[in-house]
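Taking it in order: structure first as structure tokens, then the write-up.
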Amino acid sequence: MKKKQFKAESKKLLDLMINSIYTHKEIFLRELISNASDAVDKLYFRSLTDDSVKLHKDDFCIRITPDKEARTLTISDNGVGMTAEELENNLGVIAKSGSQAFKRENADRQEDVEIIGQFGVGFYSAFMVSKKVQVLSKPFGSDEANLWESDGADGFTVSPAEKESFGTDIILYIADNTEEVSYDEFLDTYRLSALVKKYSNYIRYPIHMNVETSRPVEGKEGEYETVVEDRTLNSMIPLWKKNKSEITEEEYSAFYKEVYYDYEDPLRVIHSKTEGQATYNALLFIPSHAPFDYYTKEYEKGLQLYSKGVLITEKCADIVPDYFNFVRGLVDSEDLSLNISREVLQHDHQLKLIAKTIEKKIKSELVKMLRTDREKYEKFFEAFGTSIKFGVYSNYGIHKDELVDLLLFKSSHEEKYVTLAEYKERMKEGQPAIYYGSSDNIEKIKMMPQAETAADKGYEILYLTDYVDEFAIRTLMQFEEKPFVNICSADADFDSEEEKEKLKADNASFEEMFKLMKEALGESVQTVRFTHKLKKHPVCLSSEGVLSAEMEKVLNSMPGSNGVKAQLALEINEEHPIAEKLKSLYENDKDTLVKYAKLLYGEARLIGGMELEDPVTFAELVCELM
Ligand code: ADP
């Protein structure tokens with residue numbers, strides 16, 4: 001019999017398929033089961049419309065039969081089957097959608113292999129695990145069966161054959177083990193069940209397999225016998241396709257924990273059916289806690305993507321924005337094709353539409369949670385708030401307006417979480433700004449001299465303790481027309497106009513003294529001056545430029561930082577006895593004034609929760625001046 005050649009494109013693909021990397025090989029089973037299911041679908045629909053087809057939905061099934069001795073794995077279905085002509089036409093050329101990806105000129109080979117692994121290209125994937133493939137098929141209503149056979153490389157044959165009933169058997173002659181790859185696993189019932197569960201759990205027809213198990217012999221204690229059990233491997237009805245009203249909270253939780261490997265129930269379930277421009281079912285979960293690798297590079301965001309109940313990809317990253325990277329779950333859409341490649345997917349219009357509506361859904365669900373279940377929302381924010389804040393800050397704040405309502409900060413008002421709207425609502429009349437303090441913990445902020453002054457004025461302070469907080473706040477710049485002001489910045493001005501005038505005059509008359517002190521401190525500060533904003537504290541450091549002292553610390557702790565510096569002013573409480581002391585030193589003992597300047601600067605750093613730049617010199621000065 002003359003061998004027929006594969007079409008050119010199919011040949012190239014076949015070659016790639018055979019050489020595909022090991023971890024991708026397992027998807028062959030998904031592909032073959034999907035084909036079987038499609039074939040069954042076709043016959044099932046005929047049975048609904050054609051009275052001569054006397055078949056009931058329950059008659060249909062798919063069967064997997066591994067044979068370790070013969071080293072074959074057979075996937076059988078009782079679907080429409082194929083004629084000799086169909087065998088030749090359908091299996092002699094690769095599916096159109098799949099081949100699209102391979103038409104690119106100068107295609108990178110490794111990349112192509114990746115595409116196959118990710119999405120598969122139908123029937124050909126059989127060659128990833130087989131040295132020979134046979135397809136024995138008999139169309140429904142025909143007496144003639146045919147056998148298609150190929151060992152991959154150089155073509156295929158089709159010849160008449162015997163087959164008892166209609167449908168198709170795909171017989172894979174599993175490849176011999178190599179040094180790198182053990183193909184034996186594809187003959188193992190345990191492994192095969194797991195693969196069906198992973199990829200084909202929601203196929204609408206039962207997938208059967210005979211599984212050997214041992215069970216205790218009745219009446220004979222301690223004795224076991226091996227029995228063959230006919231098992232259905234798939235659960236068939238996807239949870240997300242059921243109506244919400246039919247699903248209990250326990251079912252959602254059990255599904256979540258099983259599929260996404262969590263030990264804790266999800267905090268929130270979002271289950272939606274969307275129709276219109278994009279038609280899809282989504283089942284999304286907000287976890288109760290951050291996964292252990294959440295804050296590492298290893299963590300990958302993404303949702304599972306299904307097309308008509310068949311898994312296309314385990315993690316589709318493009319479907320959720322980075323700031324919602326904690327959301328787990330899946331999207332099932334009829335609009336997506338199973339054979340879609342990763343690159344096509346990235347630019348897929350339909351997927352973009354889906355992503356947009358998914359984002360809206362997550363946002364509105366979070367807002368709802370914030371309004372109706374504050375306790376849960378705070379738990380959520382404790383776990384994932386950093387992501388939201390990072391979302392505000394990243395990309396030059398392009399998403400800040402969508403995210404601002406989701407923010408929470410602890411504040412001086414009972415040290416509880418507040419939203420910006422709540423803060424604004426409570427603001428004192430005439431309060432010009434939203435004030436915040438920034439440090440790595442609340443206690444340090446509370447001890448800042450400026451915090452005391454703000455409290456005296458009756459101003460609430462936001463406590464910014466997460467490294468990203470101040471960056472996010474700076475990106476926002478203002479909330480409902482109220483600017484954000486760091487209590488430690490020169491802009492945090494709690495004085496009246498008269499007080500300001502008086503202070504200005506005082507500072508002017510001691511200009512020379514401050515110049516001397518500033519020189520003693522070198523680059524550490526920009527200026528030295530009197531202030532009226534401190535109560536009992538003698539000194540403080542205020543930031544003058546865009547960077548606060550806390551931001552300086554964060555930026556400098558990042559890899560590759562090149563030592564940015566906040567511009568600081570050393571401010572001295574004019575009402576404190578130390579002011580008089582400085583004035584008299586300026587008149588009588590300039591050497592000691594210089595030492596005092598250094599000491600006060602160190603003290604200001606300590607009070608502000610910062611580290612001393614030179615603790616040894618500071619300690620020596622303390623002793624010397626005691
Ligand atoms: P696709 O499924 O994307 O069309 P495949 O290469 O997997 O691409 O299959 C090519 C064609 O072969 C299918 O469209 C179908 O017509 C036919 N086919 C494959 N498997 C079966 C089967 N088990 N029963 C009937 N027809 C099949």
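This is a predicted model, so every value here is computed, not measured. Counting starts at 1 for both ligands and their atoms, in listed order. All residue numbers refer to positions in the sequence shown, counting from 1.
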TODO: Mind checking ring pair (Phe, Tyr, Trp, His ring centres under 6.0 Å) for Tyr252 and listing every partner two or more places apart, or none if nothing turns up?
DONE: His271
- [ ] Under the ring pair (Phe, Tyr, Trp, His ring centres under 6.0 Å) rule, collect the residues that match up with Phe255, sequence neighbours excluded.
- [x] none
Open item on the list: Suppose I only count heavy atoms of Leu91 and a 4.0 Å limit; which atoms of ligand 1 are within that range?
Closed with: 12 (O)
- [ ] Would you mind checking if Arg191 and Glu26 are paired as a salt bridge, meaning a charged N to carboxylate O distance below 4.0 Å?
- [x] yes
TODO: Heavy-atom contacts with Phe123 under 4.0 Å: which atoms of ligand 1 show up? List them by number with element.
DONE: 5 (P), 6 (O), 7 (O)
Task: Side chain, backbone, both or neither: Asp77 near ligand 1, heavy atoms under 4.0 Å - done: side chain
Open item on the list: Would Tyr124 count as a polar contact of ligand 1, with the cut-off being nitrogen or oxygen pairs under 3.5 Å?
Closed with: no
Open item on the list: Below 4.0 Å, non-hydrogen atoms only: which portion of Met82 touches ligand 1? Side chain, backbone, both or neither.
Closed with: side chain
Open item on the list: Looking at Glu85, is its backbone amide N or carbonyl O close enough to the side chain of Glu88 to form a donor-acceptor pair, meaning the two atoms are under 3.5 Å apart?
Closed with: no
Task: Minimum non-hydrogen distance to atom 12 (O) of ligand 1, winning option of Asn90, Val135, Ile33 - done: Asn90
Task: Glu402 bridged to Lys363 by N-O distance under 4.0 Å - done: no
- [ ] Salt-bridge test for Arg204 and Asp41: reply yes if a basic N is under 4.0 Å from a carboxylate O, no otherwise.
- [x] yes
Task: Numbered atoms of ligand 1 (with element) below 4.0 Å of Ala39, judged on heavy atoms - done: 22 (C), 24 (N), 25 (C)
